[in-house]
Amino acid sequence: MILFKAAMTVRTRFAPSPTGFLHIGGARTALFSWAYARRHGGTFILRVEDTDVARSTPEAVQAILDGMRWLGLEHDEGPFYQMQRMERYKAVVAQMLAAGSAYHCYTAPEELDHLREDQRARGEKPRYDGRWRPEPGKTLPEPPAGVAPVVRFRNPLDGVVAWDDQVKGRIEFANAELDDLIIARADGTPTYNFCVVVDDWDMGITHVIRGDDHVNNTPRQINILHALGAPVPLYAHLSMILGDDGQKLSKRHGAVSVTQYDEDGYLPEAVINYLGRLGWSHGDEEIFSREQFVEWFGLDHITPSAAQFNTEKLNWLNQHYIKHAADAYLASEVARRLAWRRIDTESGPALERVVTLYKDRVVNLNELADTVEPFFVEIHASAEMLGTHLTADARTALTALRSRLAEVEWQKPALSAAIKETCAALGIKMPQVAIPLRVALLGQPQSPSIDAVLEVMGRTAVLARLDRYL
RNA sequence: GUCCCUAUCGUCUAGAGGCCUAGGACAAUACCCUUUCACGGUAUGAACCGGGGUUCGAAUCCCCGUGGGGACGCCA
């Protein structure tokens with residue numbers, strides 16, 4: 001059987017409006033759209049919905065692009081900017097006006113406000129009453145002089161609009177619930193619901209994957225598509241992501257940029273994995289790479305209900321990815337972070353070796369940078385720490401150890417033996433020398449295996465640091 | 001108010017009428033490992049919102065409540 005591949009090619013899009021950074025909810029929507037296109041060998045399109053001139057900014061566009069790049073969600077086409085497609089929208093509006101599927105409305109905004117107030121007072125759903133809608137046999141009011149009209153879509157009066165939502169199942173709306181929405185403002189600029197329809201049509205979008213706050217827009221968009229004689233794409237509405245506290249995420253409450261996760265020490269692999277698992281599942285699978293996710297991803301098995309963000313689980317994944325990351329990769333991440341602190345990692349022990357020591361002991365990259373830092377800067381234990389750990393007995397032990405360290409072969413087994421011999425000679429236990437040694441070298445009583453620390457730090461640095469206290 | 005969506009452990013979820021004594025993961029607790037702190041391992045507690053149906057049988061299907069969310073803009 002021969003299939004028309006071109007006709008079946010999946011085309012998805014991510015269409016953020018540049019009024020702020022890319023937050024976690026938008027990132028998941030982008031991830032799912034991207035993954036769906038990748039899964040089916042399709043095309044992923046980035047479209048910037050910047051028709052709200054008052055609130056859109058170039059900085060926000062850049063922030064979104066940065067977020068996408070950090071997550072590794074590369075688009076195949078675009079970014080397209082709606083502001084650059086004005087001519088096309090205006091042409092379609094003119095076409096609809098000519099065809100009678102849209103009409104001019106001269107109702108002033110204040111009049112609309114009154115109308116809505118009255119309707120609410122009566123317990124009705126606020127909506128435009130169709131006073132300028134042309135009907136056979138109906139006499140329209142005389143257009144007021146000097147008033148620029150808006151253009152409204154002539155929505156069907158009865159019947160239902162329905163679609164099989166790919167995540168929520170069949171959804172139906174009675175046309176009677178829908179009013180005639182404005183598709184072009186008085187100044188001639190088109191509005192959101194209209195631009196989306198024209199763009200999705202022009203760009204050949206086959207699957208609209210977006211946030212579930214758009215469910216109510218869908219029937220209107222479908223009606224416009226019908227009026228235009230355009231094909232109706234498949235819709236998949238993703239439920240929202242709630243904050244860690246179960247509250248809705250908003251700019252004022254909890255919403256942060258995905259790039260903030262970078263600054264906070266998260267690996268993009270961990271964020272992708274976490275987001276992929278939030279609201280989607282593949283049986284009991286918890287840990288999967290970006291590639292594995294793409295291979296498994298589908299629109300079925302997406303949860304229709306809202307999900308609460310859980311930082312603990314993200315941390316767990318981040319820890320996992322750090323533990324399993326290549327040392328060179330980790331070293332470059334840590335170097336970048338230490339550079340933020342103006343710490344030079346070029347001199348001193350090989351960063352990769354230090355990172356190896358700590359990678360399975362931390363949950364994020366900043367913490368890794370914290371633990372690695374003492375290897376590259378002169379650190380001094382606090383007076384309290386010294387008082388507690390560098391007692392007279394401890395100094396005696398360290399002095400004894402120092403003479404062995406001065407000549408021992410600088411390899412873990414020999415270093416370990418030197419410590420054990422010192423303990424045996426003095427009749428003390430391991431911790432009695434290992435802990436003061438940690439404090440002297442790193443300024444803190446915990447560290448990985450002390451022999452490993454010695455080996456990586458190097459003889460010169462170890463002896464120099466010890467001598468400060470002996 | 002009206003319309004739309006939604007409901008399994010604290011959290012993310014598995015579950016497509018019998019496989020469910022409801023599984024996994026995070027988190028929690030306990031123990032083990034250990035030169036410290038972690039890591040790791042083992043174990044334990046923890047859920048089908050309520051009420052009606054349908055059916056021999058319901059976490060799964062239907063209806064009604066209730067809770068939660070979204071929308072009702074010349075915002076997107």
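Quick note on labels: first sequence line is chain A, next is B, and so on, each numbered from 1.
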Q: Flag the pair A/Asp179 and A/Arg220 as a salt bridge only when some basic side-chain nitrogen lies within less than 4.0 angstrom of an acidic carboxylate oxygen.
A: yes
Q: Tell which nucleotide pairs with B/rU66, taking only Watson-Crick or G-U wobble pairs whose two distances are both under 3.5 angstrom.
A: B/rA7
(Q) Any donor-acceptor pair, under 3.5 Å, between the side chain of A/Asn216 and the base of B/rG70, if you only look at N and O atoms? (A) yes
Q) Across all strands, who's sitting opposite B/rC19 as a Watson-Crick or G-U wobble pair, both distances under 3.5 Å? A) none
Q.
Over all strands shown, is A/Pro16 touching base, sugar-phosphate only, or nothing at heavy-atom distances under 4.0 angstrom?
A. nothing
Q: For A/Asn217 and B/rC3, give me the distance from atom CG to atom P, rounded to whole Å.
A: 19 Å
Q. Is any side-chain N of the basic residue among A/Arg47 and A/Asp200 closer than 4.0 Å to the acidic one's carboxylate O?
A. yes
Q. When the nearest nucleotide of RNA chain B is assigned to A/Glu312 and to A/Lys168 on a heavy-atom basis, which residue is associated with the more 5' position?
A. A/Lys168
**Q.** Atom pair distance, as rounded to whole Å: NZ in A/Lys125 and P in B/rC72
**A.** 10 Å
Q. Once you round it to whole Å, what is the distance between P of B/rC12 and CD1 of A/Ile302?
A. 16 Å
Q. How are the rings of A/Phe288 and A/Phe293 set relative to one another: parallel (under 30°), tilted (30 to 60°) or perpendicular (over 60°)?
A. parallel
**Q.** Watson-Crick/G-U partner (both atom distances under 3.5 Å) of B/rG1
**A.** B/rC72
Q) Can A/Asp199 and A/Arg13 be counted as an ion pair, charged N to O under 4.0 angstrom? A) no
Q: May I ask which nucleotide in the shown strands pairs with B/rC61, Watson-Crick or G-U wobble, both distances under 3.5 Å?
A: B/rG53
Q. Per the atom types in the model, does the base of B/rG1 pair as donor or acceptor with the side chain of A/Glu124 at under 3.5 Å?
A. no
Q. Whole Å only: how far is the CG atom of A/Asp244 from the P atom of B/rC12?
A. 10 Å
